[in-house]
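Everything on this sheet refers to the single structure shown next.
The shown structure was predicted, so the numbers you read here are calculated from the model rather than taken from an experiment.
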Amino acid sequence: MNAYFLKKGVLFAVFFLVLSVIHGLCQETEFTKAEIEREVQKYISEKSTNGIFPFRDPVSYQELSLVYEKVRMVRSLAGYGYFATVQFHDSSDASKPYELDFWWKPKGTQLLLMDIRVYKFPKREGDKWVLQTRNPIPWWWLPSTEHPGEYEQKRAWEVKAAIHEYIAQKMKEGGGVFYLKDPKTGKNIPLEFVDIHNPVRRIPGKEYFACTDFREKGDPEKFYDIDFWFDEKSGKLIVKDVKIHKEPIKEGDRWIQVERYSFEKDKPVAVP
């Protein structure tokens, strides 16, 4: 009998030890500002050649040649990760400034780079360059004072964050490409993420959705308008469906977008 209880005790101990390890792995590791800065600097150094950091702006599709200056600031957003705003200048003109945001997310004890976005770009004013904020600004700049769960309904930035994270994960799985199966042709379309539209919308009493822009890989003029639809389960936004809203059709020597579906009875409303 004693041996039986001893064996049971050992099994319970092992069980709780396993649970403790799993719980520890699931916990989001907290990183310091200095650690984020080191990760940014390491990434930039690894991607740079002769001190020049190449970056393809996903919005303008312009290939930038940048020189790193410093990490201006690091911010965190609980549940969403860390956001480092980094100062650069153009490699051919040191007076031409840029600011890029690096979005990092913890996974266990590691940091994963989710995306890089141009936050501010140079604009000529007289005989000098000045920084101008790109609009729409990245969603991580929007929740300055509010926090997830404060509102009965989700805020627009939370919907954008859910879309962006979903896209970033799929692009990692696809080696930097977002593959979308076209229900009309059955083919997997290789896409590159451009941006999320404003505003985010919701059909009253139903789900949230938002439109996004993608380019077909290898053809920067060939744009798709993709809609992401969400279910809200247990307070968490889950991607329910991904639909092609508008597809590119060749008209003469240019691509135009043609709508595949539209709304009839449902009247979407903008989400603040």
Side-chain angles (χ1 to χ4, degrees), residues 56-62 75 77 79-81 83 85 98-103 114-121 123 131-171 178 180 191-216 220-232 236-248 255-263 266-272:
R56 172 79 72 182
D57 180 1
V59 176
S60 70
Y61 207 67
Q62 181 183 4
R75 299 178 305 116
L77 188 58
Y80 296 91
F83 308 90
T85 301
Y98 284 87
E99 284 194 356
L100 273 59
D101 281 350
F102 287 65
W103 173 24
M114 304 297 286
D115 204 357
I116 305 172
R117 291 274 142 175
V118 173
Y119 173 46
K120 294 183 179 181
F121 62 94
K123 181 184 178 183
L131 279 171
Q132 179 166 310
T133 303
R134 171 171 282 170
N135 284 312
I137 61 175
W139 56 265
W140 46 76
W141 286 99
L142 301 176
S144 55
T145 56
E146 62 197 44
H147 300 280
E150 282 189 355
Y151 297 89
E152 183 180 346
Q153 296 183 355
K154 295 296 182 184
R155 309 294 286 179
W157 71 265
E158 293 178 87
V159 180
K160 284 188 172 187
I163 291 174
H164 201 162
E165 182 166 4
Y166 180 88
I167 292 169
Q169 293 290 356
K170 291 296 181 183
M171 289 185 73
F178 183 93
L180 179 63
L191 300 172
E192 296 176 330
F193 176 50
V194 178
D195 214 349
I196 303 171
H197 294 190
N198 279 333
V200 170
R201 292 184 173 88
R202 186 186 194 191
I203 294 176
K206 296 185 179 180
E207 61 268 27
Y208 297 89
F209 72 97
C211 301
T212 61
D213 281 329
F214 283 83
R215 288 185 181 88
E216 186 164 328
E221 302 301 321
K222 195 174 180 181
F223 285 89
Y224 284 82
D225 185 322
I226 308 295
D227 287 355
F228 287 79
W229 294 79
F230 291 88
D231 270 342
E232 190 179 358
K236 185 174 176 62
L237 289 166
I238 306 296
V239 174
K240 169 189 173 184
D241 203 1
V242 182
K243 297 181 180 180
I244 297 175
H245 186 185
K246 296 177 184 177
E247 64 178 325
W255 292 99
I256 63 168
Q257 285 191 332
V258 177
E259 198 170 61
R260 278 200 182 177
Y261 74 92
S262 59
F263 299 94
D266 291 319
K267 294 181 179 179
V269 295
V271 177

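Residues passing the side-chain hydrogen bond (donor to acceptor under 3.5 Å, both in side chains) test with S60, sequence neighbours excluded: D57. Applying the side-chain hydrogen bond (donor to acceptor under 3.5 Å, both in side chains) test to T85 and every residue at least two apart in sequence or in another chain returns D101. Residues that satisfy the salt bridge (charged side-chain N to carboxylate O under 4.0 Å, His left out) test with R75, not counting sequence neighbours, are absent from this structure. D225 meets the side-chain hydrogen bond (donor to acceptor under 3.5 Å, both in side chains) test with no other residue; sequence neighbours excluded. With sequence neighbours excluded, the residues that form a side chain to side chain contact (heavy atoms under 4.5 Å, CB included) with A162 are F230, L237. Scored by the salt bridge (charged side-chain N to carboxylate O under 4.0 Å, His left out) test, K240 finds E207 as partners (sequence neighbours excluded). For E216, the side-chain hydrogen bond (donor to acceptor under 3.5 Å, both in side chains) criterion is met by K222, Y224, not counting sequence neighbours. Applying the salt bridge (charged side-chain N to carboxylate O under 4.0 Å, His left out) criterion to R117, with sequence neighbours excluded, gives D115. With sequence neighbours left out, I238 forms a side chain to side chain contact (heavy atoms under 4.5 Å, CB included) with K236. Among residues two or more places apart in sequence or in another chain, the side chain to side chain contact (heavy atoms under 4.5 Å, CB included) test is passed with V258 by I249, I256. For E165, the salt bridge (charged side-chain N to carboxylate O under 4.0 Å, His left out) criterion is met by K105, not counting sequence neighbours.
Remark: K120 NZ is packed, more than 12 non-hydrogen atoms of other residues, nucleotides or ligands lying under 6.0 Å away.
A cation-pi arrangement is found for R202 relative to Y208, the charged atom lying closer than 6.0 Å to the ring centre and inside a 45° cone about the ring normal.
Taking the six-membered ring for Trp, W140 and Y119 have ring centres at least 6.0 Å apart.
The shortest side-chain heavy-atom distance between R56 and Y61 falls under the 4.5 Å cut-off.
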Identify each donor-acceptor pair in which a side-chain atom of residues 193-200 lies under 3.5 Å from a protein atom, sequence neighbours left out, and give them as a table.
| from | atom 1 | to | atom 2 | distance (Å) |
| --- | --- | --- | --- | --- |
| H197 | NE2 | D213 | OD1 | 3.0 |
| H197 | NE2 | D213 | OD2 | 3.1 |
| N198 | OD1 | K160 | NZ | 2.5 |

